[in-house]
S.K.: 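Take this structure first; my questions come after.
Any value given below was found using the heavy atoms of this structure, including those in side chains, with hydrogens, waters and symmetry copies removed. Here, residue 1 is the first one in the sequence, and each next residue gets the next number.
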Amino acid sequence: MLELIAYPQDAGADRLAAILDRRLGASPQVQETVRAILQQVRADGDAALLALSERIENVKLETHQLRVDTAALQEALAAVPPELRQAMEAAAANIRSFHAHQHQHSWFVEAGDGVLLGKQVTPVRRVGVCAPAGEGPLFSSLMMAVTPAQVAGVEEICVVSPPRPDGRPHPLMMAAACLLGITEVYALGGAQAVAAMAYGTATVPQVDMIVGPGSPYTVAAQQQVFGVVGIPMLPGPSEIVVLAEGGADPELVAADLLSQAEHGWGVAAVCITTDTVLAGQVRDQVERQLATLPRQDVMRQALDEFGAVVVVPDLDTGMELLNRIAPEHAELLVADPWAWLPKVRNCGAVFMGHAATEPVGDYYAGTNHILPTNGAARYASSLGVGDFLKTSSIICYSQQGLERHGAHIATLARAEQLEAHARAVDMRLDNGRKGP
């Protein structure tokens, strides 16, 4: 369960070392299995997808069942209970509204002498979204992946989600796709789904980019097809760090830690506090609340691996440790969270104050919950509109500009021993028309 650690006195504690060094990659066995699946799909296309679905998912499909028909998507949406549909529609509107602020535009600047430079912003043409439904239908992740792509102007978006015994994805996955206007949905999961999107088959056209979470097999497949297609982020286990000072409610701190432990093994759930009494209360509350929750086995395993309550002498030390951990989620349960926000350097999402519990961001606020994990918040950001945009540099050079600067360009090229580069410039200059 949660281990009590004093920091920096116990900076070398095994549990804290494991939290700071968490880098949960796929095992060699998983990597090899995935490599074989990718090769099989690349070689045999749809036939491989059908065989793998039967072997791995235990679902026998016909080729025409790989793509879910539009009527089934519409039926799934129509069957969503009114209260849930209303919540899904409100969440979708919030996600779209937040991401609309992330628009990027092409720009150009005059550099003198008839020189015009700039950047042209273009959306990725085709994107594939992994939408897992192993322990539960993570339709919120589908919404988080699809919406910024739509806002960016992606022309084609397809969704893959594993088939159930009836040959179709989970109804809520189909409903969420339909709610967002997605009509291209495939009953595919795991590494074979990633392979189909990366290489293309007769039924599944190749995509340019793949996003979305999944099992270790899905993540390993995304890692292995990187370069064939774009992979903006490799998803990993969920993480939360709660920075709490005296006066924070231990019941709420414990509830928030457990909300992430619910995702299962590999989760980092850490409370950092300046209050020794609060530390003990949080630990007790975790035990008390855990006894009333489902999925206790996976939650306990997660807390046994990466769960801790760390007592620090002051909030500055706590913030230093938080930044070292670089968590996916951080909650600031302190008297003035805004005063401490500028000191948060490494974090995927920051939750300010006791009312901003992490599930608010997971489902409803509109911020994206597809976030960097495994310490990647040191250099990476949440999924956003910019991930689905690419830029092309624009260089418009006049003869006047080249005449003025060409000698510098040729000099730089020859310094790198690239004579052909230099001559390409010289030949455009008055003194180089006749060549060498």
Side-chain angles (χ1 to χ4, degrees), residues 1-23 237-261 266-290 302-358 361 371-379:
M1 287 298 292
L2 292 180
E3 184 172 314
L4 288 175
I5 300 170
Y7 181 86
Q9 299 95 305
D10 297 332
D14 290 344
R15 179 69 61 88
L16 185 56
I19 291 169
L20 290 170
D21 193 41
R22 65 200 187 285
R23 299 290 184 270
S238 189
E239 306 162 350
I240 186 170
V241 170
V242 180
L243 181 63
E245 62 184 351
D249 188 331
E251 189 173 5
L252 297 182
V253 175
D256 291 352
L257 296 176
L258 290 169
S259 74
Q260 295 310 287
V267 172
V270 180
C271 171
I272 301 174
T273 181
T274 56
D275 190 321
T276 303
V277 174
L278 178 64
Q281 292 173 331
V282 167
R283 190 181 189 191
D284 292 344
Q285 274 293 326
V286 166
E287 285 284 0
R288 187 174 297 113
Q289 293 181 34
L290 181 59
L303 296 173
D304 285 344
E305 290 287 338
F306 297 112
V309 180
V310 183
V311 179
V312 293
D314 50 62
L315 286 178
D316 280 307
T317 304
M319 186 63 72
E320 177 263 327
L321 178 58
L322 185 153
N323 283 319
R324 286 187 66 196
I325 296 173
E328 179 187 20
H329 311 100
E331 292 186 357
L332 302 185
L333 299 188
V334 296
D336 186 1
W338 288 102
W340 289 95
L341 179 60
K343 297 189 178 184
V344 179
R345 179 179 294 273
N346 302 327
C347 180
V350 185
F351 297 80
M352 310 284 286
H354 76 276
T357 178
E358 190 278 339
L371 300 163
T373 59
N374 283 345
R378 293 176 295 111
Y379 56 82

S.K.: For Asp275 and Val277, indicate whether the former's side chain and the latter's backbone hold a donor-acceptor pair under 3.5 Å.
M.R.: yes

S.K.: Apply the side-chain contact (heavy atoms from CB on, under 4.5 Å) test between Val253 and each candidate in Val282, Val309, Val286; give the one that qualifies.
M.R.: Val282

S.K.: Can you name the closest pair of heavy atoms from Pro237 and Val267 and give their distance?
M.R.: CB-N, 4.1 Å

S.K.: Just wondering, do Ile325 and Arg22 contact through their side chains at under 4.5 Å, heavy atoms?
M.R.: yes

S.K.: Would you compute the distance between atom CG of Asp284 and atom CD of Gln289 and round it to the nearest 0.5 angstrom?
M.R.: 11.0 Å

S.K.: Please check: side-chain N/O of Asn323 versus main-chain N/O of Asn346, any donor-acceptor pairing under 3.5 Å?
M.R.: yes

S.K.: For the atom pair CD1 (Ile240) and SG (Cys347), what is the distance rounded to the nearest 0.5 Å?
M.R.: 9.5 Å

S.K.: Let me confirm one number: the CG-CG distance from Leu257 to Leu252, rounded to the nearest 0.5 Å.
M.R.: 11.0 Å

S.K.: On a heavy-atom basis, which atom in Met319 and which in Trp340 lie closest, and how many Å separate them?
M.R.: CE-O, 3.7 Å

S.K.: How long is the straight-line distance from CG of Leu20 back to CG of Leu321, given to the nearest 0.5 Å?
M.R.: 6.5 Å

S.K.: Please enumerate all residues that pass salt bridge (charged side-chain N to carboxylate O under 4.0 Å, His left out) together with Glu3, with sequence neighbours excluded.
M.R.: Arg15

S.K.: For residues 327-335, dump all side-chain donor-acceptor pairs below 3.5 Å to protein atoms at least two apart in sequence or in another chain.
M.R.:
unit_1	atom_1	unit_2	atom_2	d
Glu328	OE1	Ser238	OG	3.1
Glu328	OE1	Glu239	N	2.9
His329	ND1	Glu239	O	2.7
His329	NE2	Glu358	OE2	2.9
Glu331	OE2	Glu358	N	3.0

S.K.: Any donor and acceptor pair, going by atom type alone, linking the side chain of Asp10 with main-chain N or O of Ala13 inside 3.5 Å?
M.R.: no

S.K.: So, for Glu251 and Asp249, which heavy atoms are closest and what is the spacing to 0.1 Å?
M.R.: N-OD1, 2.9 Å

S.K.: Is it true that Asp314 and Thr317 share a donor-acceptor pair across their side chains at a distance under 3.5 Å?
M.R.: yes

S.K.: Using every non-hydrogen atom in the two residues, find where Arg378 and Ala326 come nearest and quote the distance to one decimal.
M.R.: CG-CB, 3.7 Å

S.K.: Drop me the distance from Leu303's CG to Leu290's CG, to the nearest 0.5 angstrom.
M.R.: 7.0 Å

S.K.: Which heavy-atom pair separates Arg283 from Leu2 by the least distance, and what is that distance?
M.R.: NE-O, 2.9 Å

S.K.: Indicate the atoms forming the closest heavy-atom contact of Thr273 with Ala279, along with that distance.
M.R.: CG2-CB, 3.9 Å

S.K.: So how far is it from Ile19 CD1 to Arg324 CZ, rounded to the nearest 0.5 Å?
M.R.: 11.0 Å

S.K.: Could you tell me which residues satisfy salt bridge (charged side-chain N to carboxylate O under 4.0 Å, His left out) with Asp316, sequence neighbours excluded, listed by chain and number?
M.R.: Lys343

